[in-house]
Amino acid sequence: MYNCNGCYGGKVGVCYGRSADDLPTPAKVVQLIKQHNIKYVRIYDYNSQVLKAFANTSIELMIGVPNSDLKPFSQFQSNADTWLKNSVLPYYPTTKITYITVGAESTDDPHTNASSFVVPAMQNVLTALKKVGLSRRIKVSTTLSLGVLSRSFPPSAGAFNSSYAYFLRPMLEFLAENQSPFMVDLYPYYAYRDSPNNVSLDYVLFESSSEVIDPNTGLLYKNMFDAQVDALYYALTALNFRTIKIMVTETGWPTKGSPKEKGAASPDNAETYNSNIIRHTVTNQGTPSKPGEAMDVYIFSLFNENRKTGLDSERNWGLFYPDQTSVYQLDFTGKNGGFRSNSSGGNSRGRSESWCIASSKASEIELRGALDWACGPGNVDCTAIQPSQPCFQPDTLVSHASFVFNSYFQQNGGTDVACSFGGVGVKVNKDPSYDKCVYITAGGRNNTKATNASALNSSASTSHGNESLVWNLSLCLVILLSFSLQTTNSQAL
């Protein structure tokens, strides 16, 4: 993690992946890490050459037990004992190992039963550490993706997928008992890449000037990362695991992608996201449900990795090229580079101007339900359509709904889903304003606090090469709220 003198917030680390055939030697990598004052590093195995290279550096290292080792580690205590003796202890404590991840995103691999081995393997690794008196100095956990949630929007409704109950409950009991962190890999990037019309780029980059309200708690969210983290905290709380801390073991943004990733993967977006996540972490901002609470975050990844499969982005997450030059300039301290403002003062990412109106084909029941929701839970100011106000005439349901729909649409990022209203909203490119009734646009509005069930979709996460997206079907949420229907959370584990 990057050192921040005088800071007392969370720590920011870097993931050192090695799926490449052109990387510098481990010794040169360590020199690069020291040159940039990086103090915390995650690796995905226990390679002896890498462990040797980090000796006598004071850099704190997170090592990993790969999924391929889970079954033998879970079957016999002797396997974990032998591994610790031969693969870890020869390098400790000169190499400062502080965490062992037992398995990585095991629930995301549909072709194996890896997750069933995780907790027994974790227990055996912990027992091996206890035998040599290191269980308090080296913490044991496992990494997961956001795919373990069945619901993450709004954050307060966060719930674990009940199909993972066999694995999650004993894992959470292990973490709570041993004061180990809940490790998760979070990627707001994929939410934007896979649904750019429904997800605001500014929202995922920590650049949004508007706020999203969780209707259940009233808490305000200005970025997707915080919403994802809080969804996990609420899911933990729902199962009465209130003391477990969350650690983000991967997050980041690629600099290059395939054609379908055009507009998402770029050096500018990567620099913006990573600079902002660093500052967000080291300044100890916390999340809306955990304000001021420190949380550690690891950025993926140190290098571009040319042997990764999948879309081009999979090979372009690096902060550095293999020749050790920077892919882009990153403020490692978080003091200067975070939360950059747009020089134009508005939305600098080129959204075309549009409005949202009610469909003339919609039924009265559909319009009334959507209008009532928008003026209530949707938090739209409907004063203008009241008697004697500028937009009261013509006194028709379609006219009133059109003004209100547009207000909600503009306040919530101008996305397609924000104009849906169950299919009775229509986007238009011609200004529907008339007389003194002015339909606002994104560029002309003040910062607005609004419930957003679209662009603010906070539920997408993935592992590299093995995506596990959790979509919230925000449109369905809008429809349900519109008609005041009660929904139930996912089945408790």
Side-chain angles (χ1 to χ4, degrees), residues 1-3 9-18 26 29-30 33 38-48 50-55 57-67 69-70 73-74 80 83-85 87-106 118-145 171-186 229 232 243-252 281 294-302 463:
M1 299 179 182
Y2 301 122
N3 187 37
K11 303 167 184 175
V12 182
V14 177
C15 300
Y16 172 21
R18 304 194 315 282
V29 171
V30 169
I33 290 171
I38 299 170
K39 298 296 185 181
Y40 303 82
V41 174
R42 176 189 175 189
I43 63 173
Y44 295 82
D45 55 14
Y46 43 89
N47 180 278
S48 60
V50 175
L51 295 182
K52 287 178 183 178
F54 280 94
T57 62
S58 76
I59 295 169
E60 295 189 17
L61 200 62
M62 178 186 297
I63 67 173
V65 175
N67 290 352
D69 290 345
L70 290 176
F73 274 49
S74 70
W83 169 78
L84 187 69
K85 178 181 178 181
S87 300
V88 178
L89 295 182
Y91 312 102
Y92 184 89
T94 52
T95 295
K96 195 174 181 180
I97 299 168
T98 54
Y99 290 99
I100 298 175
T101 60
V102 181
E105 299 187 355
S106 59
V118 170
V119 177
M122 289 169 65
Q123 188 61 59
N124 286 345
V125 170
L126 178 65
T127 299
L129 289 168
K130 287 181 176 179
K131 289 180 179 180
V132 294
L134 293 178
S135 60
R136 294 182 179 274
R137 297 184 181 182
I138 301 177
K139 291 293 182 180
V140 177
S141 188
T142 187
T143 66
L144 301 169
S145 76
M171 184 208 71
L172 295 174
E173 290 172 348
F174 177 97
L175 298 182
E177 180 180 351
N178 295 286
Q179 298 182 322
S180 292
F182 183 100
M183 295 180 170
V184 64
D185 301 339
L186 297 182
V229 171
L232 287 163
T243 62
I244 297 176
K245 305 297 183 184
I246 291 175
M247 175 185 289
V248 177
T249 41
E250 283 185 16
T251 194
T281 302
M295 180 177 63
D296 297 343
V297 173
Y298 285 74
I299 292 179
F300 188 92
S301 180
L302 192 62
S463 60

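Residue numbers start at 1 and run along the sequence shown.
For the salt bridge (charged side-chain N to carboxylate O under 4.0 Å, His left out) test, no residue two or more places apart in sequence or in another chain qualifies with Lys139. The salt bridge (charged side-chain N to carboxylate O under 4.0 Å, His left out) test applied to Lys130 returns no partner, not counting sequence neighbours. The side chain to side chain donor-acceptor pair (under 3.5 Å) search around Lys131 returns Asp81, not counting sequence neighbours. Ser141 is linked by a side chain to side chain donor-acceptor pair (under 3.5 Å) to nothing, counting only residues two or more places apart in sequence or in another chain. Considering only residues two or more places apart in sequence or on other chains, Tyr99 meets the side chain to side chain donor-acceptor pair (under 3.5 Å) condition with none of them. In this structure Lys245 satisfies the side-chain contact (heavy atoms from CB on, under 4.5 Å) test together with Glu293, sequence neighbours excluded. Listed by chain and number, the residues in a side chain to side chain donor-acceptor pair (under 3.5 Å) with Thr143 amount to none (sequence neighbours excluded). Remark: Tyr46 engages Trp83 in a ring-ring contact (aromatic ring centres under 6.0 Å, His included) (not counting sequence neighbours). Not counting sequence neighbours, the partners of Val119 by the side-chain contact (heavy atoms from CB on, under 4.5 Å) test are Phe167, Pro170, Met171.
Considering all non-hydrogen atoms of both residues, Leu84 and Pro90 come closest at O-CD, 4.3 Å. Closest heavy-atom contact between Tyr40 and Ile59: N-CG2, 4.2 Å. Nearest heavy atom pair, residue Ile246 against residue Val229, reads CD1-O, 3.7 Å. A pairwise comparison of heavy atoms in Ser135 and Leu126 identifies CB-CD1, 3.8 Å as the closest pair. Between Cys15 and Ser301, the shortest heavy-atom contact is O-OG, 3.0 Å. Between Leu186 and Leu232, the closest heavy-atom pair is CD2-CD1, 4.3 Å.
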Let me see the working for Leu70 and Val102 under side chain to side chain contact (heavy atoms under 4.5 Å, CB included), right down to the final yes or no. CA-CA 7 Å; Leu70 290 176; Val102 181; 3.5 Å; yes

Could you give me the CA-CA distance, side-chain angles and deciding distance for Phe73 and Asn124, then say whether side chain to side chain contact (heavy atoms under 4.5 Å, CB included) is met? CA-CA 7 Å; Phe73 274 49; Asn124 286 345; 5.7 Å; no

Show your working on side chain to side chain contact (heavy atoms under 4.5 Å, CB included) between Ile33 and Leu302 and close with a plain yes or no. CA-CA 9 Å; Ile33 290 171; Leu302 192 62; 4.0 Å; yes

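Looking at Val88 and Leu129, their side chains never come closer than 4.5 Å, going by heavy atoms from C-beta outward. Side-chain contact between Val29 and Arg18 is absent, with no heavy-atom pair separated by less than 4.5 Å.
The main-chain N or O of Tyr298 is never found under 3.5 Å from a side-chain atom of Arg42 such that the two would form a donor-acceptor pair. Under the 3.5 Å distance criterion, the side-chain polar atoms of Asn67 are left unmatched by any main-chain donor or acceptor of Ser106. Listed for the Thr95 side chain is a donor-acceptor partner under 3.5 Å among the backbone atoms of Leu51.
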Return all side-chain donor-acceptor pairs below 3.5 angstrom for residues 175-184, not counting sequence neighbours, or 'none' if the list is empty.
from	atom 1	to	atom 2	distance (Å)
Asn178	ND2	Phe174	O	2.9
Ser180	OG	Val140	O	2.9

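Here Ile63 contributes atom CD1 and Asp45 contributes atom CG; the two are 9.0 Å apart, rounded to the nearest 0.5 Å. The structure places CG of Asp296 at 4.5 Å from CE of Met247, a figure rounded to the nearest 0.5 Å. If you take CD1 on Ile138 and OG1 on Thr98, they are separated by 8.0 Å, rounding to the nearest 0.5 Å.
If you check the side chains of Asp185 and Ser145, you find no donor sitting under 3.5 Å from an acceptor.
Using the six-membered ring where Trp is involved, Phe54 and Tyr16 have ring planes that are tilted, between 30° and 60° apart.
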